[in-house]
Structure formats: structure tokens, C-alpha cells
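Notes follow the structure.
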Amino acid sequence: MPHQHSSPAQPPSRPPSFGDPDDMALLLAPRLAHFAGVARTEHVTRAAHAMNVPQSTLSRALVRLEQDLGVSLFARHGRTVSLTPAGRTFLAAVERALAEVERAAEEVRADADPATGRVAFGFLHTMGAETVPGLLHAFRADHPGVRFGLVQNHGEAMLEGLRAGRLDLCLTSPVPDAPDLVARRLDEQRIDLVVPADHRLAGRRRVRLAEAADETFVTLEPGYGLRRITDALCREAGFTPRIAFEGEEAETLRGLVAAGLGVALLPPPAVPRPGVTELHVTAPKAAREIGVAWLAGHPDTPPVAAFKNFLLSRRDHLLPG
């Protein structure tokens with residue numbers, strides 16, 4: 001009689017093909033922790049006890065995992081098991097994946113903590129010098145441990161940040177009107193005509209915007225809320241502004257005005273700028289509404305809810321002075 005060798009276990013049947021690569025990840029994910037627990041102990045009973053899972057449930061999960069992968073991950077030896085070469089390769093990747101999931105879980109739990117959580121908050125460039133620092137200082141008096149991820153940008157970019165989940169809240173102008181956003185008006189800010197200190201209008205305190213129809217303007221780039229306000233005010237005053245420069249920072253524009261490159265429509269500065277005169281525009285009414293916006297239907301973490309309520313409580317008292 002020829003010598004008989006024990007035949008190796010046949011690998012489980014190959015899984016069906018999946019049209020979307022994510023299907024395999026969704027299929028395997030619930031079983032990865034079970035696999036790692038058994039691989040660490042090399043004993044199904046002990047692993048089941050440690051994970052508080054019925055042994056039969058754990059055994060079935062391992063068999064299904066091998067069937068889905070189409071490879072044997074374990075060699076069975078009675079009550080104990082040992083990893084096959086494929087199992088060792090798979091375990092290394094599973095351990096990394098589970099560690100990353102645990103790290104992400106800890107991060108989101110920390111961000112949602114009422115006392116030490118995180119708020120992703122966006123605001124306009126023109127609010128960065130005085131308004132936002134003052135708001136954060138006042139809020140942190142009662143919430144000293146809350147952390148902020150701050151983004152300074154123009155309005156359209158911040159609304160994109162809300163929709164993409166990068167921001168929880170933003171202070172912006174004009175106050176947006178979109179079905180996927182919630183926005184609340186908080187305050188109104190005056191817009192002045194800024195002219196060089198030696199300008200023909202510099203001796204005045206007030207001016208009708210139509211009196212600057214022949215001037216060269218320096219403005220923010222298209223897409224900025226203040227640029228849209230500038231264009232709309234000039235249109236209402238009966239002219240299209242002749243633009244010499246388009247920038248990204250209001251204070252840069254104020255500096256260019258001081259250098260004699262043109263005039264600008266800007267909110268009042270945090271600190272008076274030498275070389276320019278700020279004129280109150282009497283007609284048309286020159287002001288912008290400042291509001292807070294967030295994504296509709298998006299649940300707030302406790303720190304986000306606290307900061308949102310704080311901002312809403314500052315209605316008509318948002319801006320310094």
C-alpha cells in the first residue's frame with residue numbers, strides 16, 4: 001500500500017467579483033476585529049471569551065472571512081489555530097487598519113468633548129484684526145478648553161468649506177441665501193470711501209459715491225463679497241468703476257490708496273491708517289450685513305453648539321465699537 005500523506009486543507013472557494021472595489025472593504029470590515037482577536041490568542045475559545053462573543057459566532061465569522069477572501073488564514077489544530085503565511089500577511093495590514101480606526105475614533109470623540117472639543121471656524125479677512133480675536137477671547141472666558149481650527153478666507157471659499165465638512169461655522173458677508181445652508185444676520189458694518197490724504201475730497205467728512213465716478217478704484221478680486229458690494233454700490237450710484245488693481249486683502253488696498261493708486265470702498269480699519277482719509281458715503285447707503293452660516297441638517301457637537309449660541313447672542317453687538 002502506498003504511503004499516504006495527509007492532504008492540506010483546500011483553500012476556500014474564491015469570492016465573487018465585485019464591480020466596486022469598496023464592496024470588498026464593506027464586506028470584510030465587520031469581521032476584521034474578530035480575525036485579529038483570534039490571531040493574537042491563536043485560540044478561538046479564549047478569543048471569544050475576551051471579546052464577549054459566542055464561540056459559534058466567532059467561528060462562523062472566521063469561516064466566512066476566509067470564504068470571502070478565497071484563502072486560508074488559519075491552520076486548525078483542535079482547539080487551537082495558527083496563522084498561515086497568508087494569515088500573517090493579512091494580520092499585519094488588519095492591525096494597521098484597526099489602529100487607524102481607533103485613532104480616528106479617539107480624535108472625533110475628543111473634538112466633540114464639551115469642555116475640550118474643537119470648532120472649525122471660518123471668517124473674512126477684514127474681521128481678522130479685531131472682531132474675531134475679541135469674539136474668541138470673550139467665548140473662551142467661559143469655555144477655556146475649547147479649541148479652534150481657524151480659516152481666514154473670502155465668502156465663497158468658506159461656503160464651500162461648510163459644504164465639504166471642513167468648517168462648522170463661518171462669519172461672512174453678504175449673508176448667504178441657499179437651501180442647503182442656514183444663515184443668521186448678526187450685524188451691519190459701514191462701508192467708507194477711502195481716498196489718499198491729499199485727495200481733492202480729503203477735506204470732506206461725507207460724500208455721495210457719484211462724486212467718485214471719475215476716480216480709479218482698487219478693489220478685492222471677483223468672488224469676494226466686498227467686491228460684489230463695491231460693484232453694486234457703484235452701479236446704484238450710476239457708474240461702472242474703473243479698476244486699477246484687484247487684491248485679496250483690505251489693508252493692502254488701503255496701503256495702495258495711501259500711495260495714490262486709487263480710491264476704495266472698505267469697512268473701517270481696526271487701527272487708523274496714515275496717508276488716507278475715510279469718508280462716510282451718504283448715498284447710496286453703503287453698508288454690509290455680517291452673518292453666521294452653517295450647513296443645514298448638520299448635527300452640532302457640544303462645542304460647536306456652544307459657540308454658535310454665543311455668536312447668535314451677539315446679534316447687533318458683534319462688531320467692536
- request: Show the numbers, then the answer: is there a side chain to side chain contact (heavy atoms under 4.5 Å, CB included) between L186 and L171?
  value: CA-CA 9 Å; L186 295 179; L171 281 183; 3.6 Å; yes
- request: Mind checking the CG-NE2 spacing from L226 to H154? Nearest 0.5 Å is all I need.
  value: 13.0 Å
task: Evaluate the side-chain proximity of V281 to I191: yes if any heavy-atom separation is below 4.5 Å, no if none is.
output: no
field: Steps toward side chain to side chain contact (heavy atoms under 4.5 Å, CB included) verdict (L150, L136)
entry: CA-CA 11 Å; L150 301 177; L136 298 183; 3.8 Å; yes
query: Do V146 and T116 touch side chain to side chain, with heavy atoms closer than 4.5 Å?
result: no
- prompt: Which value, rounded to the nearest 0.5 Å, describes the distance between K308 atom NZ and L169 atom CG?
  reply: 6.0 Å
- request: To the nearest 0.5 angstrom, please state how far the CD1 atom of I229 sits from the SG atom of C234.
  value: 12.0 Å
- prompt: Hey, is NE2 on H280 packed in by over 12 heavy atoms from elsewhere, all under 6.0 Å?
  reply: yes
- prompt: Are any non-hydrogen side-chain atoms of V263 and P196 less than 4.5 angstrom apart?
  reply: yes
- prompt: Just by distance, with hydrogens left out, do T216 and R242 show a side-chain donor and acceptor under 3.5 Å apart?
  reply: yes
- prompt: Can the ring centres of F307 and F148 be said to be less than 6.0 Å apart?
  reply: yes
message: W294 and side chain to side chain contact (heavy atoms under 4.5 Å, CB included): which single residue from V182, L181, L167, V304 fits?
response: V182
task: Would you name the heavy atoms of G223 and R228 that are closest together and state the gap between them?
output: O-NH1, 3.4 Å
message: Can you tell whether the side chains of R190 and E278 come within less than 4.0 Å, N to carboxylate O?
response: no
field: Sidechain N-carboxylate O distance under 4.0 Å for R200, E211
entry: no
Distance-only polar pair, side chains of H199 and T277, donor-acceptor under 3.5 Å: no
query: If you look at every heavy atom in A237 and A210, which pair is closest and at what distance?
result: O-CB, 3.8 Å
- request: For D177, look at atom CG and say whether over 12 heavy atoms of other residues, nucleotides or ligands are found less than 6.0 Å away.
  value: no
task: For the pair T80 (side chain) and E42 (backbone), establish whether a donor and an acceptor sit closer than 3.5 Å, ignoring hydrogens and angles.
output: no
query: Any chance CG of D214 has more than 12 other-residue heavy atoms, nucleotides or ligands included, within less than 6.0 Å?
result: no
task: Heavy atoms only: give me the nearest L220-A250 pair and the separation to one decimal.
output: CD2-N, 4.1 Å
- line: Between A202 and A197, the two heavy atoms sitting closest are CB-O, 3.2 Å
message: Counting C-beta onward and ignoring hydrogens, is there a side-chain heavy-atom pair between L83 and F35 closer than 4.5 Å?
response: yes
Short N-O contact, R109 and E102, less than 4.0 angstrom: yes
query: So do L193 and F217 actually touch side chain to side chain, heavy atoms under 4.5 Å?
result: yes
field: Same apolar cluster (I L V M F W Y, side chains within < 4.5 Å links), V292/V175
entry: no
- prompt: Hey, are R103 and E106 close enough for a salt bridge, meaning a charged N less than 4.0 Å from a carboxylate O?
  reply: no
message: Quick one, L135 and F310 - any side-chain contact, counting heavy atoms below 4.5 Å?
response: yes
message: Just by distance, no angles: are the side chains of T126 and R288 close enough, under 3.5 Å, to form a donor-acceptor pair?
response: yes
- prompt: Is any NZ, NE, NH1 or NH2 atom of the basic residue among E66 and R76 found under 4.0 Å from an Asp or Glu carboxylate oxygen of the other?
  reply: yes
message: Walk me through whether T84 and F74 qualify under side chain to side chain contact (heavy atoms under 4.5 Å, CB included).
response: CA-CA 5 Å; T84 65; F74 295 101; 5.6 Å; no
In one Ile/Leu/Val/Met/Phe/Trp/Tyr side-chain cluster, 4.5 Å: V81, L69: yes
field: Separation between CZ of R60 and CD of Q55, rounded to the nearest 0.5 Å
entry: 11.0 Å
message: Quick one: does any side-chain atom of T89 pair with a main-chain N or O of P85 as donor and acceptor, under 3.5 Å?
response: yes
- prompt: Do D231 and R227 meet the salt-bridge criterion of a basic N to acidic O distance under 4.0 Å?
  reply: yes
message: Between L209 and L265, is there a side-chain heavy-atom distance shorter than 4.5 Å?
response: yes
message: Closer than 4.0 angstrom, basic N to acidic O: yes or no for D187 and R315?
response: no
message: Check R254 with D192, please: is the shortest side-chain N to carboxylate O separation under 4.0 Å?
response: no
- request: Would you please test L124 and Y224 for side chain to side chain contact (heavy atoms under 4.5 Å, CB included) and show each step?
  value: CA-CA 9 Å; L124 299 168; Y224 283 69; over 6 Å; no
- prompt: With a 4.5 Å heavy-atom cut-off, do I290 and L318 have their side chains touching?
  reply: yes
message: Can you confirm whether more than 12 heavy atoms, excluding those of H137, are under 6.0 Å from its NE2 atom?
response: no
task: Please check if the side chain of T41 supplies one atom and the backbone of H43 the other of a donor-acceptor pair under 3.5 Å.
output: yes
- request: Could you tell me the separation between the CZ atom of F123 and the OG atom of S173, rounded to the nearest 0.5 Å?
  value: 15.5 Å
- prompt: Taking 4.0 angstrom as the limit, do R147 and D111 come out as a salt bridge?
  reply: yes
message: Test of understanding: clusters of I, L, V, M, F, W, Y form through side-chain heavy atoms closer than 4.5 Å, transitively. Do L312 and V119 belong to the same one?
response: yes
query: Which value, rounded to the nearest 0.5 Å, describes the distance between D168 atom CG and F121 atom CZ?
result: 10.5 Å
statement: In terms of heavy-atom contacts, R163 and A178 come closest through NH2-CB, 3.6 Å
message: If hydrophobic clusters are built from ILVMFWY residues whose side chains come within less than 4.5 Å, do L295 and V108 share one?
response: no
- prompt: Near R208 CZ, under 6.0 Å, is it more than 12 heavy atoms from other residues, nucleotides or ligands?
  reply: no
message: Using every non-hydrogen atom in the two residues, find where R166 and A120 come nearest and quote the distance to one decimal.
response: O-CB, 3.4 Å
Hydrophobic cluster identity match, V101 and L65, side-chain contacts under 4.5 Å: no
